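To keep things clear, I will list the structure first and then write my remarks on it.
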Number of protein chains: 2
Amino acid sequence: MVSSKDVAIQAGVSQATVSRVLNHPDRVQAKTRDKVQAAIETLKYVPNAHARSLVQDKTKLITLLSGPLYNPFFVETTSAIVNYANKKGYQVNVQFVQDDELALAYATAIQTKVAGMILSCVFLEDAIFEQLTHMSIPFITYNRKHARNEYFVEIDNKQAGYLAAQHLQRLGHKRIAFIGGSQKVSTFHDRFIGVKQALGTLLPELVIHNTADKEEVAKAYAQLMQLPTPPTAIVCGADSIALAVMDVAYKAQVKIPEELSIIGIDNVEDSRHGAIQLTTVGSISERNLGLVAIQELIKMIENEKKPCIQITESVKVFSRSTTQRC
Amino acid sequence: MVSSKDVAIQAGVSQATVSRVLNHPDRVQAKTRDKVQAAIETLKYVPNAHARSLVQDKTKLITLLSGPLYNPFFVETTSAIVNYANKKGYQVNVQFVQDDELALAYATAIQTKVAGMILSCVFLEDAIFEQLTHMSIPFITYNRKHARNEYFVEIDNKQAGYLAAQHLQRLGHKRIAFIGGSQKVSTFHDRFIGVKQALGTLLPELVIHNTADKEEVAKAYAQLMQLPTPPTAIVCGADSIALAVMDVAYKAQVKIPEELSIIGIDNVEDSRHGAIQLTTVGSISERNLGLVAIQELIKMIENEKKPCIQITESVKVFSRSTTQRC
DNA sequence: GCCTAAAATGTATACGTATTCATTTTATGG
DNA sequence: CCATAAAATGAATACGTATACATTTTAGGC
């Protein structure tokens, strides 16, 4: 490994000067600057980011703890986050964490001294909040939020659930089912509250929580459809769930929306596809939540101050082709 | 920031002992080990990965240079790569790089002393190869490969192109178009060669290269369909392109496959979706290319030896519902 | 040409860890 | 109980960089 010391020798200057050429080019004469640059080229020197961040006690590194990519929502947010951070000169350490491995993910993530952390996967009650605060690491959550109600970017989940259920109700549906994820996370928790607000009481047999991946959605779907009187419409707690439901429904030759109406929440890119045309609820501004979050995080990092961030985007129904009058 | 020195003081031992507790617990008495562990808990000490990698001259860090996530192929590979690497104790630095920003991506990626590098985005002729070799950084490419023909994992792209075109030909199609990406990358280059082998000469008006994102695909599609005699079938150089074509076709009320047959290459997960059912060409084993690549890379990193890796997976047609007899 | 201020460069040090080598403590066997 | 080997611990150092401080060089004004 070629170090700044090697460059210094090659250029006939001190190591400090090499460092200055890199960080404060204006503080060094043009002549010596050229000598050093030449030496850098010759030796193909590249500065060691670890040493740099060790001495400066800061890094250009951000850790992203995202949900799994089989959910297109996280595809879009991950993409936006990584690209924006890179543009701003930050490297991004990515992990796709399943809820049950969260603790491990935190542990490893914290070892790398990071400039900041951006996470989607937080439980309502989660110890990570204290830990990050204690280490004074700037952080922000997107999609989900913590019970402490600080530093988050989300859509109005209650309203989203409400509008989704209301949409089906207004189309005349009476037997409306709900398929969602864990109630331990704010997203599904709040969305379900919204659904209940719109519908009043839901029959327990028509409510399925804790589905995560495609297989579990398929199981949930099967369970609903083999009921004596199956639902005529389903509110899916997320577009990823809706897409999975559509998949199994199509494969079971069930016509959508003729035989079954489906509505999602998130308004992901995929839902707009000509072959999908999923009716869904999403933010009015159509801003990418990940992008909003990373922008806020970088502001926090670079301004060193932490005004409490609480962003909740208003939502509306995007009516497409997977719902129709009952 | 609390350091191992602080822990040492708290526990009444030397810093060296703290380090030993962390790295060679067997080399320290149970009693002192407990004292140190207690101190670690009390102070919430977490070791600094930068200092560690500085002194050891190695890291548990891998850089991934992936293609953009609007291509579902990269969604699947990124997911597999990151998850496997994490399981093996590596952090993954991710960048989604457009071909035109490749140089910048390399530059920043190299600064972080990494254990290895895994990249999809390489040009056939690309200086990165020499640079990585010079820095003796283990690396591997997936999807694309370099002209040097070393350290890659791919599918048999020529064969894939050949089979895709042949499939349409056997269905009786005469006017077959091709939409692909840059010919500077091995993937599209080879796939197009295969197409030509199967079809003999293609009319120049039916060949469109250099499409990257959705918009460009839409333009390409429009260009083809407003020809005096439009094609009856399209070979898409990648499933992502095929999906984009389907999107615009559906929105233009063009029936697939009745009015237009479409075949892709990659066999991504999305292509199996009930609402999509894209006919495509993909590896027989259906192994995730990214997974294969990361497994090989980690082997290289941990065995320190570098047998040349050249993996080309055989392919076949997955016939679904976007192609039919002309 | 000399004095002074300013600019440029060099020297020394710190960051937090792992490890080599030296030293101390413990265990073993007679 | 002592001699010796082995085990455990401590002291010192290196990794590559940035920077505060010291020193040298340059420029400016007379």
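In what follows, every chain begins at residue 1, and chains take the letters A, B, ... in the order their sequences are listed. What you see is a predicted model; the values in this text were computed from it and never measured.
- Taking B:Glu269 as the reference, B:Arg272 meet the salt bridge (charged side-chain N to carboxylate O under 4.0 Å, His left out) condition, with sequence neighbours excluded.
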Review item, nucleotides 13-17 of chain D N/O atoms under 3.5 Å of protein N/O:
unit_1, atom_1, unit_2, atom_2, d
D:dT17, OP1, A:Tyr45, OH, 2.6
D:dT17, OP1, A:Asn48, N, 2.9
D:dT17, OP2, A:Ser4, N, 2.5
D:dT17, OP2, A:Ser4, OG, 3.0

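- One end of the helix from C:dG1-D:dC30 to C:dG30-D:dC1 points its axis 30° away from the other end's axis, with each axis taken from 5 pairs and the angle rounded to 10°.
- A heavy-atom distance below 4.0 Å to DNA chain C is reached by none of the residues of residues 26-44 of chain B.
- Residue order along DNA chain D, read from the 5' end via each residue's closest nucleotide, puts B:Val13 first among B:Val13 and A:Leu22.
- Remark: aromatic rings of B:Tyr151 and B:Phe139 are close, center separation under 6.0 Å.
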Output a table of nitrogen or oxygen pairs between the protein and nucleotides 20-22 of chain C separated by less than 3.5 Å.
none

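- Checked against salt bridge (charged side-chain N to carboxylate O under 4.0 Å, His left out), B:Glu296 has the following partners two or more places apart in sequence or in another chain: B:Lys299.
- A:His146 meets the ring pair (Phe, Tyr, Trp, His ring centres under 6.0 Å) test with A:Phe129; sequence neighbours excluded.
- Within the structure, the side chain to side chain donor-acceptor pair (under 3.5 Å) test picks out the following pairs touching residues 76-89 of chain B (sequence neighbours left out): B:Ser66-B:Thr78.
- Considering CG of A:Asp6 and CD1 of A:Ile40, their distance stands at 12.0 Å, rounded to 0.5 Å.
- The side chain of A:His24 contributes an N or O atom lying less than 4.0 Å from OP1 or OP2 of D:dT19.
- C:dA14 atom P lies 16 Å from atom CG of B:Asp6, rounded to whole Å.
- The 12-atom threshold is exceeded at CD of B:Gln56, counting heavy atoms of other residues, nucleotides or ligands nearer than 6.0 Å.
- Residue pairs meeting the side chain to side chain donor-acceptor pair (under 3.5 Å) criterion with at least one partner in residues 34-45 of chain A, sequence neighbours excluded, are absent.
- Within the nucleic acid shown, A:Val18 has no heavy atom closer than 4.0 Å to any nucleic acid atom.
- Salt bridge status for B:Arg144 with B:Glu154: absent, with no side-chain N to carboxylate O gap under 4.0 Å.
- Checked against salt bridge (charged side-chain N to carboxylate O under 4.0 Å, His left out), B:Arg148 has the following partners two or more places apart in sequence or in another chain: B:Glu150.
- With hydrogens and angles ignored, the 3.5 Å screen pairs no side-chain donor or acceptor of B:Asn23 with any backbone N or O of B:Arg20.
- Within the structure, no pair that satisfies the salt bridge (charged side-chain N to carboxylate O under 4.0 Å, His left out) test touches residues 133-142 of chain B, not counting sequence neighbours.
- Listed by chain and number, the residues in a side-chain hydrogen bond (donor to acceptor under 3.5 Å, both in side chains) with B:Ser120 amount to none (sequence neighbours excluded).
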